[in-house]
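In the text below, chain A, chain B and the rest are named by the order of the sequence lines, each starting its count at 1. Quick note: numbers below take in every heavy atom, side chains included, and nothing from hydrogens, waters or symmetry partners.
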Amino acid sequence: MTTYQEVIHKPDAPHHEDHIHPPPSNWFTHYVFSQDHKMIAKQFLFTALGFFVLGGVLALLMRWQLAWPGSVIPILGSHVQGFKDAGGIMPPEAYAYIFSQHGTIMIFFVIIPMLVGVFGNFLIPLQIGCRDMAFPLLNALSYWCIVPGAVIMMASFFIDGGPGAAGWTGYPPISRINGLGLAGFMGTGLTGQDFWIISLLFVGFSSLMGAINYITTILNMRAPGMTMHRMPLAVWTLLVTSVLTLMAIPSVTGALVMLLLDRHAGTSFFLPANEVISGEHLPNTGGGQVLLWQHLFWFYSHPAVYIMILPGMGMVSDILPVFARKPVFGYRAIAYSSIGIASLGFVVWGHHMFQSGMNPKLGTTFMIGTMFIAVPSAIKTFNWLGTLWGGSIRFTVPMLNAIAFVAMFAIGGLSGIFMASTPVDIFIHDTYFIVAHIHYVLFGGSVFAIFAGITYWYPKMFGKMMNEPLGKVHFWLTLIAYNCTFFPMHIVGAGGMMRRIYDPTQYAHLRHLQPLNVFMTEAALILGIAQVCFALNFFFSLFRFNNVIGRVLAIVAGAFGALAYAPLIDMVVAGLGIHAGHATILGIQFEAAGIAIPLGLVAAAWTAWYLVRSKLSFGAASGDNPWQANTLEWQIPSPAPYYNYEKIPLVYHGPYEYSSPHDVNSDYLPQNSPMDAAPRLAEIGDAVGP
Amino acid sequence: MKLSRSNKLIWAFFVLAIFWSCAAFAQTTETAASTAKPAAEQTTAAAAVASASGMKQFVRPTNWWLPASASTFAPEIDRIFYLILWVTGIVFVIVEVMLVYFLIKYRAKPGVRAKYLHGNHKLELIWTAVPSFILIVLALMSQITWASVRYPTHAPTNGMKVEVMGEQFAWNVRFAGPDGKFGRTDASKMSSENPWGRVEGDADGKDDIITINDLHIPSDQPCKLLLTSKDVIHSFFLPEFRFKQDAVPGLGINVWFQPTMEGEFEIACAEFCGLGHYRMRGNLTVDSPAKFQEWLKANAPSQ
């Protein structure tokens, strides 16, 4: 029987350092230019959370304009220069950059940094049992590369002409002519669209650096006994995501550089001859192809959407077994279907271009691939259901969010089948049906996975527990408001409402849909309010804000969120034809006030009572393993020390040995605990786990 | 083979799902078969009825939330839309019901230990094969419709030829006039008075009818569009016709559709093209052949 010492000193064993590096020497290397993967993860976390707020505010502005076109914007209407100049309302120029920036910020500064930057960085070394990434300095650079990108994107809001306003997709020629002729930044002629391009170049480099790091670390630095098939599924999906990133980003990088050259160097990569803009001929000589941008852009951006969902799927695959207390159903199915999604993801980019003017035969080829890419996701969904079947389910906040992921992603994935069918896409392309699909997979999928991940790994990151009852209030407020906001988008989209329009009431065929737009906006406002509960929970727990003020604020936030449902209930009740009293409260018209307001007050009162009864406590010490989980990161103190593992662990089995018959006194079995009384060591290499 | 109660339930759900999908498919095929006369025959009959009684001919009323069907494409596309809606709807109900059922049935109870199993190979095969099969069927059905509406080999040889050029923010429309030929254009001559850049004195172009945002077509023949754009990408969208095609500068895209309903319809722009994108509305009028001839004569350029 080989011993631990013999294992780690085998000639071909991975090189595990027995010594621990000295701790960071000063505040700067500890908090700012840290090379510790956990600190970098936290840097990404706070950056992404800040941008989440900004992206959300932009979305609310859009929704306000769609529901009440041409009305005065509250608060910002009298403070933002562009709105003030238009008399307090949102001018069309502003709407253009608002939807463009909402998409850009949410994708490149929230979802990707959160899933790949935060969870990739935090989890990979911890879950595979090593002390840090393969290239810690490159890791630090990956964060510090996104910072100039973020600064430039924010700065673009303050430049002459406003930020990039050609959509997050930036199709030329409109992205070529956007801001043409303006003085721009300090008279250079660089306007918001150029800043958008440069900012995304930085983000791309940041992602590339991260991808290289993650792949190298996962392939080379796993602890002894941690075969590929004993890795937690979060690590599997992060590996696949990194491969996607590595191969796809060069395409969009090239496209962005070509666009910049078209804008400023007189090239014509994307411009045909004889472009006439507002009566003026463009100086570019022409000979380019407009569709070339779309091919290059979508060759990256389609894998990007899988980059935005796969880590979430992996995290949910990790969280469900912990709280169902049973192994994940179909480990290999989930792992291999992730590879399947990634591979197929490279050959379906044309489904974004079915109506773009490309050869119709390509519509056929891309449709086939797109139909098939639904299969791996279906496999995963059924495997998650199988994980729940026969479990002993504990409904903690991470579990609730993970379950919501499964439920909402199913809807998003199914709505994708409509657009996979090319003839149906003729009708629903560039309508709100697409917007509904996007948000069901990105919010219903990725964002719920992010909430699950944050609430689950918060104790390991900070050593404190977030508050459970407030977390549950946030969850339910969010889930209901989110469905009320995005489900009707399927309906208005199928009714023919186009995307990116400033005023839907201009079209006769859309006027009957306007009440739905109002409903969605009211729900979106509630959704925004509900996130205050999460923000309070996050920061109060971080700072242990455990006094009366903190508790009162939390109770007020939860109760107010519940009360805010009154206008929404009113719309539903009135829509059913029940009129129960007319009232105008705070400028909101009620048609069924007699029912809606009492219901809202009851909801608010019950939420407040629920929170009071729970004796809200923020930031209680979490202990090493508050969730009684198996994966390696829970076997070390919380928060994790900078060196992670004092002694590199030895892994005996897979990460999902819950309710194992090997130990009847406990329902979990950490990965570094042997399964039997007589420990057996796995072969180092790719031996199959239990 | 001994199946436990839950296994039987799972099998039952899948069998039901396949049965319902087939039933829905059969039902929609039946509906389509009963209404699928040759397009020309249908519209001739329709036109005869319409012109005889002055009534508008409806192919199908507005269903649920989709707009009215006003072209030959609409019933085909709607059929696939509804089929997908049925299939995804049934899968959605099954998945969500199972989810909620499991969450209730398998909630933590004191003294009850979770089942220790890692997976089931046979189930994996089933829930890989069944979705694949359903998707193959959907792909084949979709391909048949896609080819019939977009493949150049399936496009009708006859039809009312119209050229449409999108610009910021209007739709320029050009008819060939009685000679059936479009006049020459030269991009260097484009200006606000001459949006098409027509060449002065060109013989073919003398009888071309130029309008802005005003497209008239007859109801008895297909409309063959040559779609392009002057400046940025636009998208010619007719909701009731289930017709959409991006108008791309530098490309002349041949597309067609056949109306089945007379009346006035909105042309919307469905690709963000700048600040006026939201008000880039046009009007499509489908006239009876007689009225269309009148319109042509009334709008012919003075010689």
Side chain / backbone / both / neither for A/A165 at chain B, heavy atoms under 4.5 Å: backbone

Top contributor to chain B interface from A/Y502, A/F329, A/Y507 [non-hydrogen pairs under 4.5 Å]: A/Y507

Gap between atom CZ of B/R242 and atom CD1 of A/I428 - 0.5 Å precision: 11.5 Å

Among the listed options A/A96, A/A333, A/P327, the residue most often paired with chain B at heavy-atom distances under 4.5 Å: A/P327

Test side-chain contact (heavy atoms from CB on, under 4.5 Å) applied to B/K115 and A/W389, step by step: CA-CA 8 Å; B/K115 298 192 216 283; A/W389 177 80; 3.9 Å; yes

Contacting region of A/L385 [heavy-atom separation from chain B under 4.5 Å]: both

Side chain, backbone, both or neither of B/E240 within contact of chain A (heavy atoms, under 4.5 Å): side chain

Donor-acceptor pair, side chain of B/W146 and main chain of A/P360, under 3.5 angstrom: yes

Heavy-atom proximity to chain A below 4.5 Å, by part of B/T128: both

Separation of B/H277 NE2 from A/I501 CD1 (nearest 0.5 Å): 6.5 Å

Structural part of B/F237 lying under 4.5 Å from a heavy atom of chain A: side chain

Any side-chain heavy-atom pair of B/T88 and A/F418 under 4.5 Å: yes

Proximity breakdown for A/S175 and chain B, heavy-atom pairs closer than 4.5 Å: neither

Any donor-acceptor N/O pair, B/K244 side chain to A/H429 backbone, under 3.5 Å: yes

Point-to-point distance, once rounded to the nearest 0.5 Å, from CG of A/D430 to SG of B/C269: 8.5 Å

Closest non-hydrogen atom pair between B/A114 and A/R325, with its separation: CB-O, 3.1 Å

Side chains of B/S142 and A/M371 in contact at under 4.5 Å (non-hydrogen atoms): yes

Interatomic spacing from CD1 in B/I80 to OG in A/S421 - rounded to 0.5 Å: 4.5 Å

Option that, when pairs with chain B are counted at under 4.5 Å, heavy atom only, ranks first among A/Y331, A/F395, A/F372: A/F395

Non-hydrogen atoms of B/V112 and A/S392 that approach each other most closely: O-OG, 3.9 Å

Residue part contacting chain A, namely of B/L251, when any heavy atom lies under 4.5 Å: side chain

Contacting region of B/I104 [heavy-atom separation from chain A under 4.5 Å]: neither

Residue A/T431 versus chain B: region with a heavy atom under 4.5 Å: side chain

Residue A/I177 versus chain B: region with a heavy atom under 4.5 Å: side chain

Side chain proximity check, A/F427 to B/P67, heavy atoms < 4.5 angstrom: yes

Structural part of A/Y171 lying under 4.5 Å from a heavy atom of chain B: side chain

Engaged part of B/I233 at the chain A interface, taking heavy atoms whose separation is under 4.5 Å: both

Positive for side chain to side chain donor-acceptor pair (under 3.5 Å) with A/Q355, one of B/R150, B/Q245, B/E271: B/R150

Whether B/F272 and A/F99 hold their rings parallel, tilted or perpendicular, with breakpoints at 30° and 60°: perpendicular

Structural part of A/M367 lying under 4.5 Å from a heavy atom of chain B: side chain

Residue pair B/E96 / A/A407: nearest heavy atoms and the distance that separates them: OE2-O, 2.9 Å

Atom of B/R113, atom of A/S666 and distance for their closest heavy-atom approach: NH2-O, 3.0 Å

Heavy-atom proximity to chain B below 4.5 Å, by part of A/V328: backbone

Best-contacting candidate, A/G496, A/A494, A/P504, against chain B by heavy atom pairs under 4.5 angstrom: A/A494

Flag if over 12 foreign heavy atoms under 6.0 Å of CZ, A/R511: yes

Among A/I403, A/D425, A/V406, A/I368, residue most engaged with chain B (heavy-atom pairs, under 4.5 Å): A/I403

Side chain / backbone / both / neither for A/N383 at chain B, heavy atoms under 4.5 Å: both

Contact class of B/V95 relative to chain A, heavy atoms under 4.5 angstrom: both

Which portion of A/R499 sits near chain B, non-hydrogen atoms under 4.5 angstrom: backbone

A/A508 backbone acceptor or donor facing B/E266 side chain under 3.5 Å: yes

Heavy-atom side-chain contact between B/Y278 and A/M498 under 4.5 Å: no

Largest heavy-atom contact set with chain B, pairs under 4.5 Å, which of A/I491, A/N178, A/T169, A/N359: A/I491

B/Y151/A/T364 under side-chain contact (heavy atoms from CB on, under 4.5 Å): CA gap, chis, key distance, verdict: CA-CA 10 Å; B/Y151 274 26; A/T364 306; 2.5 Å; yes

Top of B/G250, B/G276, B/A270 for chain A proximity - count of heavy-atom pairs under 4.5 angstrom: B/A270

Heavy-atom proximity to chain B below 4.5 Å, by part of A/L291: side chain

Interatomic spacing from CD1 in A/I417 to CG in B/L85 - rounded to 0.5 Å: 11.5 Å

Polar side chain donor-acceptor pair, B/H118 to A/E657, under 3.5 angstrom: yes

Distance (rounded to the nearest 0.5 Å) between B/E124 CD and A/I334 CD1: 8.0 Å

Side chain, backbone, both or neither of B/L103 within contact of chain A (heavy atoms, under 4.5 Å): both

A/F270 portion near chain B, given a 4.5 angstrom heavy-atom threshold: neither

Closest heavy-atom pair and its distance - B/P131, A/F382: CG-CE1, 4.4 Å

Interchain contact, B/K230 with chain A, by part (heavy-atom threshold 4.5 Å): both

Closest contact, heavy atoms only, B/Y116 versus A/Y658: CD1-O, 3.4 Å

Contact origin within A/P172 toward chain B - heavy atom pairs under 4.5 Å: backbone

